[in-house]
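These numbers come from a predicted model, not from an experiment.
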Amino acid sequence: MPESGDKRRSGGGPTEEAPSAGRYPFRDLEAKAHRRWVEEHLFEIADPMGAKNPFYCLNMFPYPSGDLHVGHGRNYILGDAVARVKRMQGHSVLAPMGWDAFGLPAENAAIQNQVPPAAWTRRNIDRMKRQLHAWGAMFDWNREIASCDPSYYKWTQWLFLKLYERGLAYRAKGAVNWCPTDQTVLANEQVIDGRCERCDSVVETRELEQWFFKITAYAEALLNDLSLLTEWPEKVRVMQANWIGRSEGAHLEFAIEGETAPLEIFTTRPDTLYGATFMVVAAEHPLVTARIAAGTLPKEAAAFVERLKRARVENRFAVEAEKEGVATGITALHPVTGARLPVWVANYVVMGYGTGAIMAVPAHDQRDFEFATKYRLPIVEVYRPAEGAGFDGKAAFEGEGRMVNSAEFDGLPTPEARKAIVAALAKKGTGEHRVNFRLRDWLISRQRYWGAPIPMVVCPKCGMQPVPESELPVVLPDQVTFKPTGESPLLSNAEFLKAKCPKCHGEARRETDTMDTFVDSSWYFLRFLNPRLESKAFESDAVNRWLPVNQYIGGVEHAILHLLYSRFIVKVLRDMGLVQFSEPFERLFTQGMITKDGHKMSKSKGNVVPPDALIERYGADTVRLYTLFIGPPEKDAEWNDRGVEGAYRFLTRYWRLVEELTEVPEDTPRKPFAPAGPARQFRRRIHELVEQIHDDVDRFHFNTAVSGLMQMVNALQEFQAGGAVGGRAETREALDLATRLLAPLAPHTAEGAWERLGNKNSVATAPWPQADPQALQKDVERLVVQVNGKVRAQIEVPAGATQAQALAAAQADEKVQKFTQGRPPKKVIFVPGKLLNLVVEV
RNA sequence: GCCGGAGUGGUGAAAUUGGCAGACGCGCCGGACUCAAAAUCCGGUGGGGCUUAAACCCCGUGGGGGUUCGAUUCCCCCCUCCGGCACCA
């Protein structure tokens, strides 16, 4: 290639064949770097107990669905970058990877294509592993786990048994999502807007016997401990708090005429007790169910209940717009006044919250008010605000005030009335203070094949019996029929079904339900420390040394389910004395989604950006760098193929600078050194950028870290173009720093550059650079001068100038004089090193 | 309805503690190189005014108000979008 007018090349001397210009050999760099990383075991932790300065950096392990796209890549690139930074900062970093390998898609593939789920899953794992490697995302593959592996799910089953022993796993009737087309239950997350995610049918509700984990026993702890999670995104903590849904109120009992059992209700407003004029129960309430069974419910009420139930079975997600109800003919007695209150059944009270029954206070609850107005039920006002009208007959008044119409409680302010009334009822044994949670127990059984079998047997004599630990794992059989019948495919394998009762050793039948895959993922982070351990699920010593996970990275879609379940399981294990920490994840980062054409990438939308072709064309580091540069990692971002080219151009320019410096042997005499001024300025600029990138990386602002590196390269080019051709020492130093800062972000390129710069060790183990405080020192500083808050001039003053010096310099400035017009400053604001503001009379 | 988050050029965005708004990239415009194109390199690029030009001035971070010498940043009201929860008693 002939010498061009390009100034930056002018100092390069004679070049044979010009291997450099315009060429950036990313394929060679990638191959070489990968070889080195694997050969030198740079990303493995050999001995968890011996490793110094441990740091556990974990990406949420993926479901092996098949191909990864650039959106998935963001997650792993981020995690890999963090792990690499921590390593350079002197930590032993544990960055393992595994597979959340049980789940429906594998089973669906089996139904549709006759591929066994295990084979389908294995194939996907292999493909995804290759993709992760292509990105340069390095994990400790010696620790790889897959939740579908018997050596793993043996311990998922063990976990089940432990919960069962402690009364935290139980079987009960529960409402589940049912897809009428696929003839199967669906997990909540497989129901999108009330429809089956696969066939789009409207999901029904069915009552079935199911297994539950008693997560509600930990509701209070799960809520309270959110305050320990200071390094979690506020958003996730709020979502969990809302999901747990604690509310304080009272549990009250209303006697029912002709019944011995009272009607129990939960209310957050016990102070409004005297305003209760009727009661409302849900259609599924036992009181109603019993009366229908006995045939003692009025015909129209029974018909209404039937209609409501059917509507909810058909689509439990439909929200009835209009409040509707029917009187049941049942009468409740007011616990204080003894007033006879009619009991209604209505669509606006649901069985799933509180007790499924309420006392209706139409004057002070808008929903009750609407209902009372529609059905002409009595309304009684029981408190008034200090100012204003209070209840006006047009809408409920829900504020606070002083009690009226409430017998001896009249005149009390609302908060006091609340306490006083509960106390009075408590004395009579018909009420007590109570905390109610929205959180419900975790339904963990699935009538599905591809999951960990629940380790229980049903004995005709002894009933439900746990499989002894010594017999684990209960292995999932290969020979099953996948056709969807609404029952577990495991029922089709007679061999599997046959079991011995662990108690009486008689013939028994094996439980055929499998566990929700969220059980698998609720403890996997413990297994990585000793993934091949055969005697236990995990080694407490190692786990206590490395956990809580220092940095957990994944999508915000797991904000509630996975992250709540994992917290729950860890608390259970803590109470069992098996771990010494209360929370599994110290620091959580939830990265944003990458969209294309404004939408989430999906095969059905046809907007998936696969990484393979991009890596082939531009190299892995270009894709990594662009992914990090696209925007703040916690925010969603739109993928732009043109933007990828910007990252590529940057790496090409950086690589050329490295080549130009290293093409000529170190001892070859070159042009004289650059004059001291520009060289000093250049060094300051470089070290300022080192400092900035340092901070950016600490704060996960990888987008601005990349921008900082671009500025470094721009500064290098300007430095050389500006006639400072001989500034070889400065150039070398800058490239040394830039290469180390680039190493976590574009590791292959940095590895090659590091070697070219004459280093023996991998850049992955090089120390994370620090800015040189001396280089940062300035002899002059630039001050912005404002007059009345508007920027009017910039002046240069000696570094560390005092206010008086700065003021003198500013007042000597022509532009400042123009705007002050000789008037003396009324006030002077001086921010050293930054700004001087003169306030003058206008 | 409630709870979170966001709104900045043509565009992705930046501005760490209230201190030069738009860094860095993309795109676009102009130029160099080329027979030509691509690639690469150089310069310009928020809007408006004024000017031959430079200089200079005004406006500008969803809208309105406020605090302050100074507000993208803090406070109040409103609008829009995104996410979560939802007859939650």
Side-chain angles (χ1 to χ4, degrees), chain A residues 2 4-9 21-22 233-243 245 247 249 265-269 272 280 282 319-323 346-350 352-361 365-368 370-371 436-438 556-557 559-560 592-593 625-626 629-632 634-647 649-650 652-653 656 692 695-696 698-699 701 703-711 713-714 717 721 782-794 815 818 825-831 833-840:
Chain A
S4 71
D6 182 349
K7 282 185 233 134
R8 292 171 312 97
R9 291 197 51 79
E234 171 75 12
K235 175 184 174 159
V236 175
R237 285 189 291 163
V238 168
M239 277 166 75
Q240 291 212 355
N242 290 344
W243 186 264
S247 63
I265 64 123
F266 174 76
T267 178
T268 52
R269 297 295 303 271
T272 62
V280 185
V319 178
E320 296 93 353
E322 172 102 11
K323 286 176 184 47
N347 62 354
Y348 79 98
V349 172
V350 294
Y353 185 81
T355 62
I358 62 160
M359 67 173 193
V361 185
D365 181 289
Q366 184 58 23
R367 292 157 303 181
D368 297 341
E370 285 168 23
F371 194 78
N436 189 55
F437 291 95
R438 203 191 75 95
V556 75
E557 67 273 16
I560 294 171
M593 210 170 44
L625 223 46
Y626 174 64
F629 186 59
I630 192 166
E634 71 279 8
K635 286 192 9 190
D636 290 353
E638 169 77 14
W639 186 267
N640 175 3
D641 284 335
R642 301 304 289 267
V644 178
E645 288 180 33
R649 284 203 270 267
F650 159 71
T652 305
R653 291 206 309 267
R656 197 182 300 151
Q692 179 221 303
D695 291 352
D696 287 343
D698 284 348
R699 293 182 302 145
H701 287 203
N703 52 331
T704 50
V706 174
S707 144
L709 281 160
M710 287 172 168
Q711 289 175 70
V713 165
N714 292 349
Q717 289 191 340
R782 198 169 271 263
L783 282 186
V784 168
V785 183
Q786 296 182 335
V787 178
N788 289 338
K790 294 203 172 189
V791 180
R792 295 304 183 186
Q794 298 201 354
K815 283 181 225 154
K818 182 180 155 195
K826 199 166 62 175
K827 189 173 174 185
V828 177
I829 289 107
F830 179 58
V831 183
K834 272 190 179 162
L835 165 139
L836 184 75
N837 186 12
L838 310 180
V839 186
V840 298

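- Side chains of Arg438(A) and Asn242(A): no donor on one and acceptor on the other come within 3.5 Å.
- Of the nucleotides present, G12(B) is the one that pairs with C24(B) by Watson-Crick or G-U wobble criteria, both distances under 3.5 Å.
- No N or O donor and acceptor, one from the side chain of Asn242(A) and one from the base of C85(B), sit under 3.5 Å apart.
- Between the side chain of Gln794(A) and the base of C20(B), at least one donor-acceptor pair of N or O atoms lies under 3.5 Å.
- Checking Asp695(A) against Thr267(A), the closest nucleotide of RNA chain B that is more toward the 5' end is the one next to Asp695(A).
- Atom CZ of Arg653(A) is separated from atom C1' of G25(B) by 10 Å (rounded to the nearest Å).
- Among the protein residues, Ile630(A) comes within range of the sugar-phosphate backbone only, with heavy atoms under 4.0 Å from sugar or phosphate atoms but none that close to a base.
- For the pair Gln240(A) CD and C3(B) C1', the computed distance is 15 Å after rounding to whole Å.
- Shown here, C88(B) forms no base pair; nothing in the strands shown gives a Watson-Crick or G-U wobble contact with both key distances under 3.5 Å.
- Nucleotide C41(B) holds its P atom 6 Å from the CZ atom of Arg656(A), rounded to whole Å.
- Nucleotide G83(B) forms a pair with C3(B), judged by Watson-Crick or G-U wobble geometry with both contacts under 3.5 Å.
- In this structure, A55(B) makes no Watson-Crick or G-U wobble pair, since no nucleotide meets both defining distances under 3.5 angstrom.
- Between Asn837(A) and U68(B) there is no side-chain N or O to OP1 or OP2 distance below 4.0 Å.
- By the 30° and 60° cut-offs, the orientation of the rings of Tyr626(A) relative to Trp639(A) is perpendicular.
- Side-chain atoms of Glu234(A) and base atoms of G5(B) include no donor and acceptor less than 3.5 Å apart.
- Nucleotides of RNA chain B nearest to Arg792(A) and Arg649(A) differ in position, and the one nearer the 5' end is that of Arg649(A).
- Between the CZ atom of Arg269(A) and the C1' atom of C88(B) there is a distance of 15 Å, given to the nearest Å.
- Across all strands shown, Arg642(A) has heavy atoms under 4.0 Å from sugar-phosphate atoms exclusively, and none from any base.
- Against the 90° criterion about 0, the sugar-base torsion of G9(B) places it in the syn range.
- Applying the Watson-Crick and G-U wobble criteria (two distances, each under 3.5 Å), A32(B) pairs with U40(B).
- Regarding contacts with the backbone of G4(B), every side-chain N or O of Arg237(A) stays at 4.0 angstrom or more from both OP1 and OP2.
- Of the side-chain N and O atoms in Lys790(A), none sit less than 4.0 angstrom from OP1 or OP2 of G19(B).
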